[in-house]
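Chain letters run A, B, ... following the sequence lines, proteins first and then strands; every chain starts at 1.
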Amino acid sequence: MAYDSKATEAKWQSAWRGRATFAARTDPAKPKYYVLEMFPYPSGKLHVGHVRNYTMGDVVARYKRAQGFNVLHPMGWDAFGLPAENAAIESGVHPKDWTYANIALMRGQLQRMGISYDWAREIATCHPDYYRHEQKMFLDFLKAGIAYRKESWVNWDPEEHTVLANEQVIDGRGWRSGAPVEKRLLSQWFLRITNYSDELLDALKTLERWPERVRLMQEKWIGRSEGARVFFALEGRADKLEVFTTRPDTLYGAAFCAISPHHPLAAELAARDPALAEFIAECNRIGTSEAAIETAEKRGYDTGIRAIHPLDPNWNLPVYVANFVLMEYGAGAIFGCPAHDQRDLEFARKYALPVKPVVRPRDAGASFAVGAEAFTDPDGVLFNSDFLNGLSVPEAKKKIIARIEALGAGEGTVAYRLRDWGVSRQRYWGCPIPVIHCGTCGIVPVPEKDLPVRLPDDVTFDRPGNPLDHHPAWKHVACPVCGAAARRETDTFDTFFESSWYFARFCSPRAATAFERADVDYWLPVDQYIGGIEHAVLHLLYSRFFTRALRDCGYLDLAEPFAGLFTQGMVCHETYKDGDGNWLFPEQVMAGAVDAHGRAVTVGRSEKMSKSKKNVVGLETIVENYGADTARLYLLSDSPPERDLEWTDAGIEGVWRYVNRLWRLATERSLPPPGTEADGDHPARRAIHRVIAAVTDDLDKFRFNRAVARIRELTNLLEDGADIPGPVLREGIEAAVRLIGPMMPHLAEEAWQALGHGTLLADEPWPTAEAALLVEDSVTVAVQVNGKLRATLQLPRDADEETASAAALALEGVTRAMAGKPARKVIVVPNRIVNLVV
RNA sequence: GCGGGCGUGGCGGAAUUGGUAGACGCAAGGGACUUAAAAUCCCUCGGCUCGAAGGAGCCGUGCCGGUUCGACUCCGGCCGCCCGCACCA
């Protein structure tokens with residue numbers, strides 16, 4: 001009888017729902033385990049990339065449940081964001097309607113996957129019952145000095161009168177309008193994440209269950225560097241130019257100073273230098289993305305101003321405005337040392353500036369010169385540097401900082417790459433920022449009793465700009481302090497704001513406050529967080545900061561929200577474009593790579609599945625034809641979870657065949673009744689228990705693909721084991737069913753029932769391996785001659801070295817390879833290898 | 001450009017973390033069953049050389065070099081691809 005996936009999956013999903021099997025309850029008497037997958041943006045279509053993520057989480061949740069943990073496994077929607085507004089502009093549908101319709105669609109798709117979520121805890125961040133709490137948090141941040149206002153640069157589309165996301169700036173132009181983008185200075189809200197730089201950096205060490213690469217990326221992102229700020233006097237001016245450098249030791253190699261196009265000095269000079277103003281305007285056309293700025297051709301504009309070297313009053317340096325100097329880092333100004341910085345070197349070559357080396361390699365002489373490559377190795381000796389000559393780089397740094405401090409020309413300092421988090425967005429579909437601008441009282445927080453500040457529904461997208469801003473009534477309010485006519489803040493929060501605390505909301509999703517203290521104290525931190533590597537820095541760093549900010553405002557007693565992190569690889573797929581250059585969904589591409597009109601399709605490279613490029617594979621057809629379990633197992637079985645997965649349709653058939661084989665194995669053998677205990681050390685029992693131990697270990701380590709391979713090996717063995725005694729066969733089949741349970745829960749429940757059990761497999765404990773069955777008496781040892789495999793050898797376990805080498809020397813293949821020569825050296829690794837060196 | 005990662009058969013990958021490279025699967029080819037097909041089952045399957053065969057040998061983990069008795073694994077240099085770069089989420 002073929003396995004009926006559709007009926008079976010519906011049956012068990014309703015059984016779990018009916019018994020509230022996965023409802024989580026705060027119970028301090030039980031050990032808890034909080035499993036969380038990064039919640040999705042409701043784009044409207046659940047694709048295989050999402051499902052890969054959620055399936056991994058479900059395996060962990062079901063596995064930990066079977067191990068006796070009180071498991072919290074919730075799901076919700078990261079529901080504010082730009083695509084809803086784009087949909088409104090393109091097709092006139094309201095962002096709210098679009099979003100809730102998408103949520104309904106995706107919820108249904110997700111429920112058909114049979115993931116063990118506690119659906120009673122579902123949240124959507126666009127709901128006022130969610131965002132009202134973050135408005136309160138913001139007011140608390142404001143009181144605590146964590147939130148503040150400052151000016152910052154944005155990408156401005158002059159045609160659409162909107163701020164563009166970096167993603168929407170393509171080659172310096174607005175994606176929709178095609179108009180050249182300008183940078184504009186806007187007054188915006190910021191959170192002081194930089195107050196927590198050191199804490200966020202130091203605590204990375206404590207995150208033992210995070211991938212090393214993510215911790216490294218965060219460390220580099222925070223970018224703590226020790227250096228110095230140095231003041232250069234300017235010829236003919238009273239003010240000084242402050243620069244930051246990590247290489248004060250190279251000060252004698254300085255060739256120029258460079259300031260950011262946004263430096264106050266640049267603005268001042270541009271006011272009376274039209275050519276400079278034009279240069280700055282050109283820099284502003286690059287956009288705000290650091291990648292764009294860094295990859296743009298390095299250019300500078302000589303201001304004509306001369307800076308006086310702090311250690312030599314007779315030494316002048318030209319001051320350039322340079323497009324690669326960032327106002328946000330250090331002092332927004334640098335001194336350039338071409339010999340010891342590659343970028344400075346290229347700049348110096350371009351503008352014919354001197355390249356004077358001041359550090360040389362230990363083995364180089366005084367004639368050391370720099371060619372096409374700057375000498376950046378910190379292991380070197382100072383020369384051409386007056387009182388620093390002969391010193392190592394660290395010594396020179398110390399000494400020169402002492403000197404400039406004595407001269408009052410600067411001081412040692414620490415700079416961070418990390419910048420404060422700008423949370424203002426000039427958009428409609430986000431959480432309103434709860435402040436009011438009053439002509440007399442300034443910025444006034446919305447009183448707590450007036451929260452939430454709700455988004456108005458009656459908005460239009462038919463003209464450029466922020467709909468909140470041109471809403472006829474919404475922004476006009478009375479000042480809560482003086483009662484005069486005032487104006488609401490029309491900016492909304494960055495959507496990272498919502499995702500920075502949703503894991504806490506899941507602990508008490510219906511609480512009148514953000515969350516109940518007892519609930520977060522019990523459930524947090526998240527024991528296992530699972531999501532894409534693309535979130536390695538921003539979302540995860542913001543959440544770590546936000547948790548600390550909440551702690552400092554008395555919300556909870558916790559610094560790190562995620563005790564364990566697993567970053568899964570992305571699911572990739574080829575991209576397709578039709579004859580007009582529009583993206584196509586894979587199902588729109590016919591055989592022979594033509595579109596619906598018979599035109600040739602351009603097949604692009606494989607990339608991360610994303611809705612914008614339409615290279616997504618939906619699940620409907622797979623679930624329809626093969627069932628959720630088949631899709632789940634396929635997503636787990638082939639690729640290691642941390643690696644990217646190239647989606648192909650081939651292979652799904654193979655998994656479906658396996659599903660049916662397993663089903664037949666569980667239902668078509670005559671077995672002793674349930675409860676029959678197997679004993680003894682039959683080889684099949686040994687194999688069964690080895691697999692139990694290995695799969696348990698694999699699941700602990702997120703090696704789902706290996707776990708699947710092992711379970712398949714077990715079922716292969718059971719299938720052709722005509723000589724396996726009945727009780728052992730039952731033990732083996734039950735083990736296979738229980739081990740596969742977290743991955744294919746519906747099939748496993750059905751098989752468990754077919755095996756004669758009246759319980760839910762979801763309520764059964766995890767199988768344990770009998771230790772005595774795991775040790776083998778005999779081992780296979782590889783025998784090498786000069787490191788090359790020549791034979792293998794069966795030896796009793798833990799045989800001593802003499803026995804092993806004697807047995808090895810007696811082997812025919814070994815004597816042949818040794819060709820009569822004596823062994824000069826014998827290396828014996830017990831139970832593993834004998835290597836004879838001749 | 002900068003930061004982080006990855007690279008193993010035709011394909012996805014495994015390799016006890018320095019100790020038998022290719023587990024498990026996909027695809028392909030051959031065969032059995034069948035009137036036929038599907039389903040199922042069995043066999044072969046990194047490359048090359050020698051052998052009728054059992055088998056034997058050489059090469060092989062992106063490329064070049066190094067460390068080691070022994071390297072997919074460690075080190076140095078290169079090439080290619082992926083992720084992130086602060087307003088996509």
Side-chain angles (χ1 to χ4, degrees), chain A residues 2 38 40-41 43 78 80-83 86 154-155 163-169 188 211-214 216-221 223 288-296 298 324 328 342-343 417-427 494-496 499 532-539 541-542 567 569-570 572 605-608 610-612 637-640 642-646 648 650-655 657-658 660-661 664 694 703 705-706 708-713 716 780-792 813 816 824-827 829 832-837:
Chain A
M38 290 181 185
Y41 179 78
S43 60
D78 189 13
F80 275 136
L82 217 37
N86 291 334
V154 295
N155 299 310
V163 174
L164 297 178
N166 284 332
E167 188 190 50
Q168 300 172 324
V169 179
Q188 315 208 61
E212 182 61 31
R213 60 177 165 159
V214 175
L216 245 180
M217 279 189 257
Q218 294 211 352
E219 183 187 324
K220 304 280 181 184
W221 186 265
T288 61
S289 136
E290 195 183 312
I293 293 168
E294 293 265 326
T295 46
K298 311 285 175 284
F324 58 86
E328 292 79 13
Q342 193 60 32
R343 200 168 55 181
R417 212 183 74 93
L418 182 65
R419 309 199 290 257
D420 276 338
W421 173 15
V423 294
S424 292
R425 297 292 180 270
Q426 295 69 42
R427 315 213 186 279
D494 175 9
T495 57
F496 277 126
S499 55
I533 184 67
E534 68 270 28
H535 294 291
V537 177
L538 290 179
H539 161 59
L541 190 62
Y542 288 149
T567 50
M570 276 153 306
C572 301
R605 65 190 181 90
S606 179
E607 292 181 71
K608 166 176 113 175
S610 72
K611 211 197 171 205
S612 58
S637 58
D638 271 354
S639 270
E642 71 280 4
R643 211 183 289 183
D644 289 351
L645 173 77
E646 177 66 27
T648 54
I652 196 84
E653 283 284 347
V655 176
R657 277 200 295 272
Y658 179 70
N660 282 287
R661 273 173 53 198
R664 287 195 301 271
R703 297 193 287 218
N705 55 323
R706 287 206 333 184
V708 173
R710 287 193 156 125
I711 298 169
R712 291 185 85 129
E713 280 179 76
N716 287 348
T780 307
V781 171
V783 182
Q784 300 179 332
V785 177
N786 287 339
K788 281 193 179 180
L789 182 73
R790 295 299 169 186
T792 58
R816 185 172 52 224
R824 273 195 297 121
K825 195 168 171 185
V826 181
I827 290 133
V829 180
R832 202 147 288 171
I833 206 161
V834 177
N835 188 10
L836 304 158
V837 185

S.K.: How would you label the glycosidic angle of B/U40: syn (within 90° of 0) or anti?
M.R.: anti
S.K.: Where the side chain of A/R816 is concerned, which of B/C83, B/G4, B/A56 is the nearest nucleotide?
M.R.: B/A56
S.K.: For the residue pair A/R703 and A/R710, establish whether any side-chain heavy-atom pair is separated by less than 4.5 Å.
M.R.: no
S.K.: Counting heavy atoms from C-beta on, name the nucleotide in B/G13, B/G19, B/A27 closest to the side chain of A/R657.
M.R.: B/A27
S.K.: Using purine N1 to pyrimidine N3 plus N6-O4 or O6-N4 for Watson-Crick, or N1-O2 and O6-N3 for G-U wobble, each under 3.5 Å, what pairs with B/U40?
M.R.: B/A32
S.K.: If we call it a pair only when both distances are under 3.5 Å in a Watson-Crick or G-U wobble match, what pairs with B/C69?
M.R.: B/G19
S.K.: Ignoring hydrogens and geometry beyond distance, is a side-chain donor-acceptor pair present between A/N716 and A/R661 at under 3.5 Å?
M.R.: yes
S.K.: Mapping A/L645 and A/R417 to their closest nucleotides on RNA chain B, which lands nearer the 5' end?
M.R.: A/L645
S.K.: Taking pairing as Watson-Crick or G-U wobble with both contacts under 3.5 Å, can you name the mate of B/C11, or confirm there isn't one?
M.R.: B/G25
S.K.: Using purine N1 to pyrimidine N3 plus N6-O4 or O6-N4 for Watson-Crick, or N1-O2 and O6-N3 for G-U wobble, each under 3.5 Å, what pairs with B/C48?
M.R.: B/G57
S.K.: Please tell me which of the listed nucleotides, B/A89, B/G1, B/G12, lies nearest to the side chain of A/A291?
M.R.: B/G1
S.K.: Between A/N166 and B/A86, does any side-chain N or O lie under 4.0 Å from OP1 or OP2?
M.R.: yes
S.K.: Under 4.0 angstrom, heavy atoms only, what part of the nucleic acid is A/P40 near: base, sugar-phosphate, or nothing?
M.R.: nothing
S.K.: With heavy atoms under 4.0 Å as the rule, sort A/R832 into base, sugar-phosphate or nothing.
M.R.: base
S.K.: By nearest atom, which of the nucleotides B/U20, B/G4, B/G19 is closest to the A/I827 side chain?
M.R.: B/G19
S.K.: Paired with B/G76 by Watson-Crick or G-U wobble geometry, both distances under 3.5 Å: which nucleotide is it?
M.R.: B/C64
S.K.: Classify the nucleic acid contact of A/K298 as base, sugar-phosphate or nothing, counting any heavy atom under 4.0 Å across all strands shown.
M.R.: nothing
S.K.: To the side chain of A/F496, which of B/C26, B/A86, B/A89 is closest?
M.R.: B/A89
S.K.: Could you check B/G57 for me: syn (within 90° of 0) or anti?
M.R.: anti
S.K.: Does the side chain of A/R427 get closer than 4.0 angstrom to OP1 or OP2 of B/C87 through an N or O atom?
M.R.: no
S.K.: Closer to the 5' end of RNA chain B via nearest nucleotide, is it A/F80 or A/D638?
M.R.: A/D638
S.K.: At under 4.0 Å, does any side-chain N or O of A/T495 touch on OP1 or OP2 of B/A89?
M.R.: yes
S.K.: Tell me if the side-chain of A/R824 makes a donor-acceptor pair with the base of B/C69, cut-off 3.5 Å, by modelled atom types.
M.R.: no
S.K.: Tell me whether the side-chain N/O atoms of A/R425 come closer than 4.0 Å to OP1 or OP2 in B/C87.
M.R.: yes
S.K.: Can you name the side-chain contact (heavy atoms from CB on, under 4.5 Å) partners of A/A291, sequence neighbours left out?
M.R.: A/S289
S.K.: Is there a donor N/O on one and an acceptor N/O on the other, under 3.5 Å, for the side chain of A/Q188 and the base of B/C87?
M.R.: yes
S.K.: My understanding is that a pair needs two contacts under 3.5 Å, Watson-Crick or G-U wobble. By that rule, which nucleotide pairs with B/C88?
M.R.: none
S.K.: Name the nucleic acid region contacted by A/I293, choosing base, sugar-phosphate or nothing; use a 4.0 angstrom heavy-atom cut-off, strictly under.
M.R.: nothing
S.K.: Do NZ/NE/NH1/NH2 and the carboxylate oxygens of A/E290 and A/R417 come within less than 4.0 Å?
M.R.: yes
S.K.: Would you say the base of B/C85 and the side-chain of A/E294 have a donor-acceptor pair closer than 3.5 Å?
M.R.: no
S.K.: Among B/A86, B/G84, B/A23, which nucleotide sits nearest the side chain of A/E534?
M.R.: B/G84
